[in-house]
Amino acid sequence: MNVTRPRLRTTVPTALLAAAALLALSACSTSDDSNNGSVPAGSSGKTVDVRIPDPGNSGVLALGKKDGSLDKALGKVGARVKWTGSAGPFAPAAQAMNADQLDIATGSITSGITSLSQRPGFKFFTAVDPDAKGEGILVRDGSGIESVADLVGKKVAVNQGGTGEYLLLKALAKEKIPADKVERVYLRPDQTAAVFNAGQVDAWAVWATYAVAEIGSGKAHFLADGEAIGSDNYSLNAVRTGFAEQHPAVVRALYDYLHTASVKEKKDPAAYLNVFTDVGPTAVTGKAKEVQTEITAASGTVDPIGPEDIARFESVAAFYAEQKVTKEKVDVAAHLLDVEKLT
């Protein structure tokens with residue numbers, strides 16, 4: 001049984017302070033519009049546009065968008081949000097940041113590492129502890145699969161190089177099962193539910209964004225969740241490197257907002273669900289709402305990246321290299337910001 005490690009948040013050492021598919025976006029990050037009396041973000045007095053994927057119907061950013069509190073917080077440092085595209089897998093968001101089409105994105109350390117192994121134009125500046133209850137390996141009720149060992153010879157859907165592949169490989173390694181004994185079926189997570197429910201794969205390694213609906217349907221459950229697997233899969237916020245260098249005070253203000261709001265969300269998860277609508281495909285209802293509320297209440301908050309987090313990031317990077325997901329071990333520490341030192 002995995003023992004949850006104590007959190008002793010400290011800041012990143014000074015030496016580490018480094019100077020889904022989206023629509024074509026303007027590369028300009030500032031606007032000539034008046035900042036309505038807010039503090040100028042630069043000597044030009046222009047308002048800084050922070051390009052962030054639209055958050056959808058739930059979560060801290062969704063509520064911040066609806067009630068205007070996010071723009072109010074950023075307005076104090078001469079910035080405002082420009083919502084672009086929609087939130088999705090981190091890989092395309094990383095590509096958008098590299099292409100100067102996006103400034104902020106959220107992803108996992110697992111997908112982050114595979115993106116860092118390419119041509120990274122971003123850095124991570126916040127960490128949320130691994131989701132012990134909301135991620136794992138899903139199986140259909142009555143499938144006859146009752147242990148990780150039962151996956152041998154089976155097909156498991158995963159997103160390549162991201163959370164799903166990591167969870168499966170980590171679970172197999174823990175049970176000392178060779179990875180090639182289980183067939184990995186690489187699918188985009190937003191295309192996997194139909195395949196999973198049709199029985200075309202035997203299991204699905206996935207995280208809360210997609211797992212909640214399946215568990216809430218009453219037809220699936222976690223064979224092993226993040227805690228049982230021993231997951232080190234943090235959720236992180238990334239910022240485009242050029243943006244962080246030009247507007248450090250904006251990044252700090254965004255962190256302050258996210259941290260405070262995530263503490264509130266943990267205490268009252270239901271207030272952050274169905275922000276814009278409680279009906280339709282984006283609404284979380286019935287049993288799924290109960291599942292999501294429980295997961296959020298048990299989850300971590302948005303915090304600075306500390307030395308103990310970095311050690312676990314490096315562990316994931318080493319594991320990915322060992323499993324040949326990446327060609328070599330990625331130096332995660334070289335791509336982190338100490339957000340508490342940004343002003």
Side-chain angles (χ1 to χ4, degrees), residues 20-21 55-59 86-92 107-108 110-111 131-172 175 177 179 181-229 231 233 235 269 273-274 277-296 298-299:
N57 194 34
S58 297
S86 59
F90 183 71
S108 64
T110 48
S111 57
D131 189 355
K133 301 300 180 185
E135 65 179 13
I137 300 174
L138 279 175
V139 294
R140 294 181 299 279
D141 291 354
S143 67
I145 300 174
E146 299 179 356
S147 69
V148 173
D150 291 337
L151 294 175
V152 171
K154 301 292 196 300
K155 296 180 179 179
V156 182
V158 302
N159 59 312
Q160 188 170 14
T163 293
E165 187 162 30
Y166 169 77
L167 291 171
L168 175 60
L169 292 174
K170 187 77 172 176
L172 295 176
E175 298 299 323
I177 299 171
K181 296 295 183 182
V182 177
E183 182 179 347
R184 278 169 272 175
V185 179
Y186 293 125
L187 293 170
R188 278 175 36 187
D190 60 350
Q191 297 177 335
T192 306
V195 176
F196 173 71
N197 288 305
Q200 294 175 287
V201 293
D202 302 290
W204 180 10
V206 69
W207 59 101
T209 301
Y210 303 96
V212 166
E214 301 306 319
I215 296 172
S217 73
K219 298 178 181 180
H221 63 276
F222 278 138
L223 173 69
D225 61 16
E227 182 177 16
I229 290 170
S231 172
N233 187 37
S235 175
L273 292 177
N274 302 329
T277 179
D278 57 7
V279 296
T282 64
V284 184
T285 59
K287 179 64 176 177
K289 187 174 182 179
E290 294 178 23
V291 172
Q292 182 64 72
T293 299
E294 292 173 1
I295 289 172
T296 303
S299 66

- prompt: Do any N or O atoms from the side chain of N159 and from the backbone of P189 form a donor-acceptor pair under 3.5 angstrom?
  reply: no

query: Within the distance-only criterion (no hydrogens, no angle test), does the side chain of T293 pair as donor or acceptor with the backbone N or O of K289 below 3.5 angstrom?
result: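 Indeed, once roles are kept as given, a pair shorter than 3.5 Å links the two residues.
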
Could you tabulate the donor-acceptor pairs under 3.5 Å formed by side-chain atoms of residues 160-169, not counting sequence neighbours?
residue: T163; atom: OG1; partner: S108; partner atom: OG; Å: 3.2
residue: T163; atom: OG1; partner: T110; partner atom: OG1; Å: 3.3
residue: T163; atom: OG1; partner: N233; partner atom: ND2; Å: 3.0
residue: E165; atom: OE1; partner: G161; partner atom: N; Å: 2.6
residue: E165; atom: OE2; partner: R184; partner atom: NH1; Å: 2.7
residue: E165; atom: OE2; partner: Y186; partner atom: OH; Å: 2.6
residue: Y166; atom: OH; partner: D232; partner atom: N; Å: 2.9

Could you list the residues that satisfy salt bridge (Lys or Arg N to Asp or Glu O under 4.0 Å) with [X], not counting sequence neighbours?
| X | result |
| --- | --- |
| R140 | none |
| E290 | K287 |
| D190 | R188 |

query: Is E214 salt-bridged to K219, going by a charged N under 4.0 Å from an acidic O?
result: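 K219 and E214: not salt-bridged.
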
Given side chains that start at C-beta, do those of [X] and [Y] come closer than 4.5 Å, heavy atoms only?
| X | Y | answer |
| --- | --- | --- |
| I215 | L138 | yes |
| K133 | E227 | yes |
| F222 | I137 | no |
| H221 | V139 | yes |

Separation between CD of E135 and OG of S299, rounded to the nearest 0.5 Å: 11.5 Å

- prompt: Could you state the interatomic distance from CG (D225) to OG (S231), rounded to the nearest 0.5 Å?
  reply: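 If we round to the nearest 0.5 Å, D225:CG and S231:OG are 9.5 Å apart.
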
List, one per line, each side-chain donor-acceptor pair under 3.5 Å for residues 205-213, sequence neighbours excluded.
residue: W207; atom: NE1; partner: T209; partner atom: OG1; Å: 3.3

field: Shortest non-hydrogen separation from N57 to A283 and the atoms involved
entry: ND2-CA, 3.8 Å

- request: For K170 and I229, work out which heavy atoms get closest and say how close.
  value: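 Of all heavy-atom pairs spanning K170 and I229, the closest is CG-CG2, 3.5 Å.
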
task: Applying side-chain contact (heavy atoms from CB on, under 4.5 Å), run through E183 and V201 and close with a yes or a no.
output: CA-CA 9 Å; E183 182 179 347; V201 293; over 6 Å; no

Kindly list each side-chain donor-acceptor pair under 3.5 angstrom involving residues 148-158, sequence neighbours excluded, with atom names and distances?
residue: D150; atom: OD2; partner: E146; partner atom: N; Å: 2.9
residue: D150; atom: OD2; partner: S147; partner atom: N; Å: 3.2
residue: D150; atom: OD2; partner: S147; partner atom: OG; Å: 3.4
residue: K154; atom: NZ; partner: D150; partner atom: O; Å: 3.4

